[in-house]
Number of protein chains: 2
Amino acid sequence: MSDTRTPLSRERIVGAALRVIDEEGVDALSMRRLAAALGVQAMSLYNHVDGKADVLDGVTEFITKDMQLPRHTEGGWEDGIRSVAHGFRRASLRHPRACELVLTRQLSSPHALPTINCSLTVLLDHGFDEAAAVHALRLLISFQVGSLLREFHSPAFKGEEESAVQERRARLEGSGFGAVAKLAPRLAVIDHEAEFTFGLELLIGALRAYAPQTQQTHRD
Amino acid sequence: MSDTRTPLSRERIVGAALRVIDEEGVDALSMRRLAAALGVQAMSLYNHVDGKADVLDGVTEFITKDMQLPRHTEGGWEDGIRSVAHGFRRASLRHPRACELVLTRQLSSPHALPTINCSLTVLLDHGFDEAAAVHALRLLISFQVGSLLREFHSPAFKGEEESAVQERRARLEGSGFGAVAKLAPRLAVIDHEAEFTFGLELLIGALRAYAPQTQQTHRD
DNA sequence: CTGTCTCGCTTACACCGTAAGTGAAACGTG
DNA sequence: CACGTTTCACTTACGGTGTAAGCGAGACAG
């Protein structure tokens, strides 16, 4: 397994860290565990990495890197925003156990800049004024981060049995809160993809008010 | 300080924990540190509390508890939603260092139910059908959580000097990303309150499409 | 051959959450 | 009153954590 020849490197360390996180969760990642995965002693990592925080930074950086951005001038701004948003979500979902890092650690890190720049470019190119573009950007980021966070903390995150859904539903029904009880069947089940799309499309629709020259197409 | 007479209790422990977190941050809270704050040995806490996780649960519960909810039938649904949203934000801001707990830990914990129920009641009472109410609820939660998370991770969270803003602005300008550089002056400064209100009002406006009998008032 | 540099190694420290058991005070019941 | 029982802070100990410090073998330049 761990070839003694191949030398350690920040890249290899981050890769191994991501692998550990994917399989065992963020909490399972310790420097010793990580070193073991590389067939090495814990302190050896420090020759290539600044500490655990640096490893985690590397992981978030890695995940952030592989979300492809739309070439921003094709299509309307709606498609551009859609593309960025779904790309962000898809990249995060590719490493479910790791994504809380991406959402939680520096949202304004240098590595997020390409994405931010892309969104801003799309908006500016289609008639949003500067203030509106910044507001819209921040709103979209908030929505995306909040959605994904909800998604990952959702009890229904991984494939769960029907029984779990029933149990949750029963708990909601007996909660003593009228509205919650009434909507228990709907609250017990979540289609995260659909929920994300619903929110995103609603936001896009609302943002149309800030893109002056687009004189509205349809809106069902 | 630590009166030897007053007995330990879950309540007192949670209170002390919140105090430690407020002053030194979540990471500074250890069972030993917490015990010391109460003039007691670490293991003594375990007579009243199930472990560290339980302490943290207690803290989030405490914060969640003191956001007052509107009596849901007065005023339009817009005011109801506004009230809940701002109440949530205000309660979170009351303990800035602790709020990542509230946002991160179980969003679907029993303690969140009163708030959820309140929002749902407001929506249902004003003509939202069940599906729309659930969608709207989830959208609002996502937005709120994302907004606050952005707010707390923002480098500009605590009162910062003008110099810091200037430096950030310079960094953005020299980032090599056109749109980011152009908007650097705006991106370097954030008015979180205004940003939150902007997003909330935009959402409310968009949700009007789902409240049939309200035939629109104004919208500037 | 001899520096110097690289880099994995070992050892050690301070800290963490908590399992386990001990003993003194407080209490209900005879 | 005396008696078990319960409460609850205590001490000790275990297996983990991140990482500071320094060692030593090999590679490479002069």
Side-chain angles (χ1 to χ4, degrees), chain A residues 1-62 97-98 100-101 104-106 109, chain B residues 1-62 97-98 100-101 104-106 109:
Chain A
M1 198 72 15
S2 57
D3 194 338
T4 317
R5 301 304 135 141
T6 65
L8 236 38
S9 74
R10 194 187 131 102
E11 210 175 52
R12 243 163 66 77
I13 292 176
V14 168
L18 183 51
R19 225 169 301 125
V20 171
I21 292 176
D22 277 343
E23 287 166 15
E24 312 179 34
V26 184
D27 291 341
L29 187 81
S30 73
M31 294 304 268
R32 287 167 171 85
R33 174 77 191 75
L34 176 54
L38 289 160
V40 131
Q41 292 302 111
M43 288 309 291
S44 304
L45 304 175
Y46 286 79
N47 287 320
H48 306 269
V49 140
D50 247 11
K52 188 176 186 181
D54 188 33
V55 174
L56 264 31
D57 283 348
V59 171
T60 80
E61 174 186 352
F62 180 91
R97 328 266 306 244
E100 62 179 289
L101 294 178
T104 274
R105 297 175 76 78
Q106 72 291 4
S109 104
Chain B
M1 198 82 5
S2 55
D3 193 339
T4 316
R5 300 305 136 141
T6 66
L8 235 37
S9 73
R10 194 185 133 102
E11 210 175 51
R12 243 164 64 80
I13 292 176
V14 168
L18 183 51
R19 226 168 301 125
V20 171
I21 291 176
D22 277 343
E23 287 167 14
E24 312 180 34
V26 183
D27 291 340
L29 186 81
S30 72
M31 294 303 269
R32 287 168 169 86
R33 174 78 191 75
L34 176 54
L38 289 160
V40 132
Q41 293 302 111
M43 289 308 292
S44 304
L45 304 175
Y46 286 81
N47 287 320
H48 306 270
V49 140
D50 246 10
K52 188 177 186 178
D54 188 34
V55 174
L56 263 31
D57 283 347
V59 171
T60 81
E61 175 185 352
F62 180 91
R97 327 266 307 242
E100 62 179 289
L101 293 178
T104 273
R105 296 174 78 78
Q106 73 290 5
S109 104

Considering heavy-atom distances to DNA chain D, does A:Ala53 or B:Asn47 have its closest nucleotide positioned more toward the 5' end?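 Looking at DNA chain D, the more 5' nearest nucleotide goes with B:Asn47.
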Report the distance from atom [atom1] of [X] to atom [atom2] of [N], rounded to the nearest whole Å.
{"X": "B:Leu45", "N": "C:dC16", "atom1": "CG", "atom2": "P", "result": "13 Å"}
{"X": "B:Leu34", "N": "C:dC16", "atom1": "CG", "atom2": "C1'", "result": "14 Å"}
{"X": "A:Met31", "N": "C:dT11", "atom1": "CE", "atom2": "P", "result": "20 Å"}
{"X": "B:Asp27", "N": "C:dG17", "atom1": "CG", "atom2": "C1'", "result": "15 Å"}
{"X": "B:Asp50", "N": "C:dA19", "atom1": "CG", "atom2": "P", "result": "9 Å"}

Given that B:Arg33 and A:Val40 both sit by DNA chain C, which one's nearest nucleotide is further toward the 5' end?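 On the 5' side of the pair lies A:Val40.
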Can you tell me which nucleotide in C:dG17, C:dT18, C:dC9 comes closest to the side chain of A:Gln41?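 From the listed options, C:dC9 comes nearest.
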Given C:dT11, C:dG8, C:dT18, the nucleotide with the shortest approach to the side chain of B:Arg32: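 Ranking C:dT11, C:dG8, C:dT18 by closest atom to the B:Arg32 side chain puts C:dT18 first.
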Kindly determine whether A:Thr104 and B:Glu100 satisfy side-chain contact (heavy atoms from CB on, under 4.5 Å), including the steps that lead there. CA-CA 9 Å; A:Thr104 274; B:Glu100 62 179 289; 5.9 Å; no
Tell me whether the side-chain N/O atoms of A:His48 come closer than 4.0 Å to OP1 or OP2 in C:dG8.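 Affirmative; the distance criterion is met.
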More than 12 foreign heavy atoms under 6.0 Å from CD of B:Glu24: is that the case here?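 Check passes, neighbour count above 12.
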What verdict does the side-chain contact (heavy atoms from CB on, under 4.5 Å) test give for A:Leu45 and A:Leu38, after you've listed the backbone C-alpha separation in whole Å, the side-chain angles of each residue and the deciding distance to 0.1 Å? CA-CA 10 Å; A:Leu45 304 175; A:Leu38 289 160; 4.0 Å; yes
Would you mind reporting whether A:Leu29 and A:Val59 have side-chain heavy atoms less than 4.5 Å apart?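 Side-chain contact under 4.5 Å: no.
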Using the rule given for side-chain contact (heavy atoms from CB on, under 4.5 Å), can you reason through A:Arg12 versus A:Leu8, listing the C-alpha separation, both sets of side-chain angles and the distance that settles it, and then say yes or no? CA-CA 6 Å; A:Arg12 243 163 66 77; A:Leu8 236 38; 3.8 Å; yes
Run the numbers on A:Leu101 and A:Val26 for side-chain contact (heavy atoms from CB on, under 4.5 Å), then give the verdict. CA-CA 8 Å; A:Leu101 294 178; A:Val26 184; 4.1 Å; yes
Range on DNA chain D touched by chain A, heavy atoms, distance below 4.0 Å: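 Footprint of chain A along DNA chain D, 5' to 3': D:dT17 to D:dA21.
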